[in-house]
Each structure stands twice: as structure tokens, then as C-alpha cells.
S.K.: 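The following block contains the structure, expressed as C-alpha cells.
By convention in this document, chain letters (A, B, ...) are assigned in the order of the sequence lines, proteins followed by strands, and residues within each chain are numbered from 1.
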Amino acid sequence: MNILELTKLTKKFGDFIAVDQLTLSIAEGEIFGLLGANGAGKSTTINMVSGLIRATSGEIQLMGKSITNNRHFAKMNIGVVPQDIAIYEDLTAYENVKFFAGLYGLRGTKLDEQVKKALEFVGLSDRHKSFPKNFSGGMKRRLNIACAIAHQPKLIIMDEPTVGIDPQSRNYILNSVRKLNEMGCTIIYTSHYMEEVEEVCSQIAIVDHGKVIAEGTKEQLKSIITDTKDVWVEVKNIDGLKLEPIQTINGVLGVEVSDNQIKINSDMGVNNLNAIIQHFITNQIEIHSIQEKEPNLESVFLTLTGRSLRD
Amino acid sequence: MIAERITLKGIILIFIILHTIQVSLQDLPKIILALLIMICINLGIEIVKDRRWKLTLLIVSTVVSFVLSQNVYQWLILFIPIHICEYIFEYIKQKWVQLIILIAPFFFISTRQEQFIFGLILIFSLIIFQMRKQYEEHLLKHETINDQLRHESQVLKKQLILSNQYLKQSEYTIKLEERNRLSQMIHDQVGHAIAGSLIQLKAMKMLKDSDQEKATELLQNAIHILSEGLDTIRATLKNIKPKTEQLGIHQIRLMLDKFSSTFPLQNSFHFQGNIEKISAIHWKIIYENLVECLTNTMKYSKATTVSVKIHVLNKLIKIEMKDNGVGVSKVKKGLGIQGMEERAAKVHGTIIVDGSHGFSVTMLFPL
């Protein structure tokens, strides 16, 4: 079942079209990555989904219900971790989470229980009495996440949650994204860091100029560009190497030799590295280095949009 | 130099007349006669065509004005500087002779005042004549260049007409050759097959009552020949028909070159990947959208170059058109872009329009 369905969603600011007939569906249980350069329309889309701005035209359906007619339902089921940290520095960590959860109508012991749960989840329960002004950037981010998840939404939107934080906190956040997903939440994740998206997302959409230009798992996206990979083997001495037997290895499509380097082009879906190495060992050819080059998300993005993500 | 001469002489004439009125001399009739003589001679200079006659009249005029100035009225001498200038500019080439002729008259003039006015008029006339001479030289130079260019342009025009004719001719020749080849092929393959089977069938018609077995054999032969003929026709037609990708690329290249020849717009065209994957419908959409893009580029961009890149990826065709023009900060979607989007949507494609660095249109078509 699709938890979120965007149909021909359009947002115009005057003559400028920020989001252009964007159609996207996100299945329940996905970690959905939204990739796009600055100004591609990601944040505008997220703002429309979270109800901050109204769409010019098109429809947004959350769990089968249009959010324009069911605003309360939508708000109860969506949690947003905004790009800029939004917490009160004069309230303690506990009070912050309690305030945001209270906005969603939680009261009494249930409120207390869920706030504690959320703080525990982000690893801040021992600091619940501290004021965020003494927190590191990573801790503030985590607190921000706690504020967004305390009301236990079904859909969590994280807009660049790892900007400007230390590697440890980043790992913590990535792990908590996975944990939230395991607990049954669907997550929309945007990031400038291609590796993060590649690591954590199960489904990815590339957005450019307000349109979805490609969508799928990371393997599907890579296969848009090519379905082959290159293995570069550098050897000490090329004499005595027979090329024909390499060509018969499972998945190998072509072999090229230049100087002491052998380029073996093969099917991306086949893992034949062992067989290739074995061939060199049995022929007693000394390998200097071995390198496997297959397209990554960065190159997919670059090929499709003609620019790199961090321009 | 007619205008200058007449103007200068006219000015001197007016000067003399005014002076005469002012001083109110007694022998006025004599002076008027002298002036009339001067006018006659000088008009004569302008009227006669022959150079020698002109020179003679010029010298006569100089001498007469000198004589008259001595006997009748002193200021008639002021005609001489103009005559001198005329003489040295038209008839003398050597610089030193010019100088002597310029200086000589001063020895014949008695009073200081006369010398001063004489010198002044001489210098003024010299300047005017010199300016006129330079102007004429420039004019001549430009006219020569003009003539040269006109000649060159005529030669080029002629070449163009000739090569156009050649183009038409060769187009016609190629068509003829192609037609010839086709008719030959039809004759060789279709003609023979039909003629062969026709004979068989005629024979069969004659035999069909008397020798049924033979008739069946002939019928079988005819069927065999016809089906073979049909096969060869199919094979040939397949060979004749150009491949889709060749057609597509040539059409696009032709269209780009056409734009480049009509407008000051250079183009570059690249393709990469396995273009055989591009189907005829894709080519049609690519072509139509590129025409739209180029028209927009011509209308709005002020660009000088445009590049088209076709990149065939594993599961996607990417066509990028980019110009080096002014671009737009906010792209406004008009009918043109909407049309492109609609065409692309037919093959589930996407159009991305970007005006931030020049104007670019990227088409993405899934395979």
C-alpha cells in the first residue's frame, strides 16, 4: 500500500514553476531518498506534504486520504525534521519534546511516557534536564528528531538531517533512521550526501527543475546508465597471459589490454571477481593492483542532470 | 574643382565691385569693361574642353589681369593668385617649379598693401585647392576599392549560382541514377520472375486438358518462380530502405546546417552510445523538439553557437540542446515548451528546461 501519493503536484511562485506536475508514490515501509540540487523543488514538495504551503494544483494523498480535506489527520500522521534546527534553547530537552508532542494533543501520562520514549530513542534520556544551548550540533539534531517523532507519526520527513554535524552523530542518526524504519515508520530522506542516500535508502527519486526524472532502487537507477562494470587489473608482467580464458569467465563481456593493465568489462549482476583473480593466480601472473569500477549514484545524477549535486 | 574656382573668383569679383563703389572712382566704365573681359575669359576657361586651350586661356587671363591692374585698376591683380593655384595644381608636377611660380609674382607687385592681400589670397586659395586635391585622391582610392569589392562579389555570386546549378544538377542526376537502379532491379527481378511464370502458366493452360500431370508440374514451377521472385523483392526493398538511425541523424544534421546557413549560428552535433536503440518515433519527437528549441534560440537568445548531444544510455536516451545565449532567470512556460512536453509524454519522456547558463533543453526518454 502506498502511504503517500503525489499526483501532478504543481507549485508556482508567480511565473516561476518550483514544482512541475510531480507524480510520485511512496510505499509503506520504505526509506525514500529524495535527491536534487539546490532549487530543484525538494523543500517545496516537502513543505506542501507537511501542510506548510498550499499546492497550486495537483493532489496529495496520505494513506488514501486527501490532505486538503483531512488536515488534522495528516498532521497527526506526519513528523517533520526540518532542515534548520527548531528547538527552544530556554527549555530543557524534556520540556522541548513535551511542548511539541503537546501540540499534537497528547496529554497526561501518555504524553510523559512518549516523551521519555522519544528521548530514549535519540539517546538523550540522561540529559533530559539539560538546556539545549549547552548541546553539541549533533545533540541538537537528535533532540530535533525526538520532537518530530514523539507523537508516533506513520510518515517521518527528514530534510537534510546530517548537515553540519560530527561523524559520530551522523552514524547515530543514520542508525536511528534504520531503527525507525524497522519499527514500521516510512521515512522520506533528503540529503546532499550521496553516500548516505546510497547506504540508507531503499527507494530513490531524482528531482530536477521540479520534475521526477528518475526513480527506483539504487540498482535500478544505476542500470539506467549502464548494466556493466569494469574491473581493472594491473600486473607486473603481461607476458604469458592468455585473454581467451578470461572471456569465458561467467559474466565477462570484453577484455582490453593497455600496457600492464587489463580492463575486464562484465555484467554488473554477476560476482566474478574471485574467478578473475583465480585466473591470474593459476597462470602465475603477479597482480599489482585490482580495482572495480561501477557507476555510483553520483555518476547517475551527473549523467542525468548534467551537474553534480553539490554545485 | 570648378565649384572652388568659380566661388573664389566670384568672391574676388564681389570684393572689387564693393571696393569700387566705396571709393567711387572716376573711370568706372573702364573698370566695368575690364571686369567683363575677365569674366569672359574665365568663363571661357570653364567652357572649353581641350586641355591646351584651357592652359592658353589661363595664361591669357593671367597676363590680361596683370596688364589691366597696371593700367586700369590695381586690384584686378587679385585674380592672379587663383590662376597661379589653378596652374600649378593642374599642369605642374615638380615641387620646385611650383615654388618659383608661387614666389615670382611678388617681385612684380609694388606696394606693401597689395603684396599682403595678394599673399593672403594666395595662401587661402592654396589651402582650398590642396584640400580639394586630397579629397579627390581619397575619393578615387575608395572608388577603386569599391570597384574591386564589387568585382569580387560578382565573381562570388557567379560561383554561387554555378554551384547551386551543380547542386540541382547532381541532385537530379542522383535521382535519375536511383530511379535507373530501381527500374533495373524491378526489371531483373520482378520482370524475369513474372515473365518466367507467365510462360509456364500459358503452357499449363494449353496442356491442362490433355496432360494433367504435366500441367500440374508447370503450375508448380510457376508458383516456385513467383515465390522466389517475391523473396528477392523483399530482400532488395529491405536493402534499399535506409536504416532508422541513419535517417534520424542525417535529418537532424541537415536541419542544424540549414539553421547555420540561414542565421549566424554555429552548431555542433555529437552522439554517443548505441544509437540503433533509438526508434523511429523517438527520432521524430527528437527532431520536432529540436526544431522548436532552435527556433526559440533564434528568436530570443542572441546566441552564436548551439550544441546538440545525443547520449544513449542503458535504459534511457538523453538529448541535450544548449546555446551560449543570454538565457532567462525564470523560464516561463509557453506553448512551445508545452508542445515539447506533450510530445515527450507520448513516449513517457521528460523535458527539463534551464535558462541559468545560456538556454538548455534536456530530453530524457526511457527505452
S.K.: Looking at A/Asn250, I want to see if its CG is surrounded by more than 12 non-hydrogen atoms of other residues, nucleotides or ligands under 6.0 Å.
M.R.: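 No, CG of A/Asn250 has 12 or fewer neighbouring heavy atoms, counting only those of other groups under 6.0 Å.
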
S.K.: Does CG in A/Asp84 sit with more than 12 non-hydrogen atoms of other residues, nucleotides or ligands closer than 6.0 Å?
M.R.: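 Counting neighbours around CG of A/Asp84, 12 or fewer heavy atoms of other residues, nucleotides or ligands fall under 6.0 Å, so no.
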
S.K.: Looking at A/Asp227, A/Val212, A/Thr305, which one has more heavy-atom pairs under 4.5 Å with chain B than the rest?
M.R.: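 The residue among A/Asp227, A/Val212, A/Thr305 with the greatest pair count is A/Asp227.
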
S.K.: Is A/Ile17 close to chain B through its backbone or its side chain, or both, or neither, when contacts mean heavy atoms under 4.5 Å?
M.R.: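 Just the side chain, heavy atoms under 4.5 Å.
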
S.K.: Has B/His224 got more than 12 heavy atoms of other residues, nucleotides or ligands less than 6.0 Å from its NE2?
M.R.: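 No, NE2 of B/His224 has 12 or fewer neighbouring heavy atoms, counting only those of other groups under 6.0 Å.
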
S.K.: With a 4.5 angstrom heavy-atom cut-off, is it the side chain or the backbone of A/Thr303 that approaches chain B, or both, or neither?
M.R.: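 Contact with chain B involves both backbone and side-chain atoms of A/Thr303.
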
S.K.: Just checking B/Tyr166: does its OH atom have more than 12 heavy atoms from other residues, nucleotides or ligands closer to it than 6.0 angstrom?
M.R.: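 No.
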
S.K.: What part of B/Leu367 gets closer than 4.5 Å to chain A, counting heavy atoms only: side chain, backbone, both or neither?
M.R.: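 Neither part; nothing is under 4.5 Å.
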
S.K.: Look up atom CG in A/Asp208 and atom OG1 in B/Thr362, then write down how far apart they are to the nearest 0.5 Å.
M.R.: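 If we round to the nearest 0.5 Å, A/Asp208:CG and B/Thr362:OG1 are 8.0 Å apart.
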
S.K.: Atom CG of B/Leu364 and atom NZ of A/Lys211: how far apart are they, to the nearest 0.5 Å?
M.R.: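 Between atom CG of B/Leu364 and atom NZ of A/Lys211 there are 9.5 Å.
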
S.K.: Verify the neighbour count for atom OH of B/Tyr300: are there more than 12 heavy atoms of other residues, nucleotides or ligands below 6.0 Å?
M.R.: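 Check fails, neighbour count at 12 or below.
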
S.K.: Around A/Glu199, counting heavy atoms of other residues, nucleotides and ligands shown, do more than 12 lie under 6.0 Å from its CD?
M.R.: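 Yes, the 6.0 Å shell around CD holds more than 12 heavy atoms from other groups.
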
S.K.: Taking atom CG of B/Leu335 as the centre, report whether more than 12 heavy atoms of other residues, nucleotides or ligands fall under 6.0 Å from it.
M.R.: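 Not buried by this count: 12 neighbours or fewer within 6.0 Å.
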
S.K.: Carefully, step by step, assess A/His209 and B/Val353 under the rule side-chain contact (heavy atoms from CB on, under 4.5 Å).
M.R.: CA-CA 8 Å; A/His209 287 83; B/Val353 181; over 6 Å; no

S.K.: Does atom NZ of B/Lys284 have more than 12 heavy-atom neighbours from other groups under 6.0 Å away?
M.R.: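 12 or below, so no.
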
S.K.: Which atoms of B/Glu341 are under 4.5 Å from chain A, going by heavy atoms: the side chain, the backbone, both sets, or neither?
M.R.: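 Contact with chain A is through the side chain of B/Glu341 alone.
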
S.K.: Among A/Asp20, A/Ile213, A/Leu304, find the one that has a side chain to side chain contact (heavy atoms under 4.5 Å, CB included) with B/Ile352.
M.R.: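 The residue from A/Asp20, A/Ile213, A/Leu304 that satisfies side chain to side chain contact (heavy atoms under 4.5 Å, CB included) with B/Ile352 turns out to be A/Ile213.
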
S.K.: Can you check whether anything in residues 312-319 of chain B gets within less than 4.5 Å of chain A, heavy-atom wise, and list it by number?
M.R.: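 So far as heavy atoms go, B/Leu313, B/Asn314, B/Lys315, B/Leu316, B/Lys318 are the residues that approach chain A to under 4.5 Å.
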
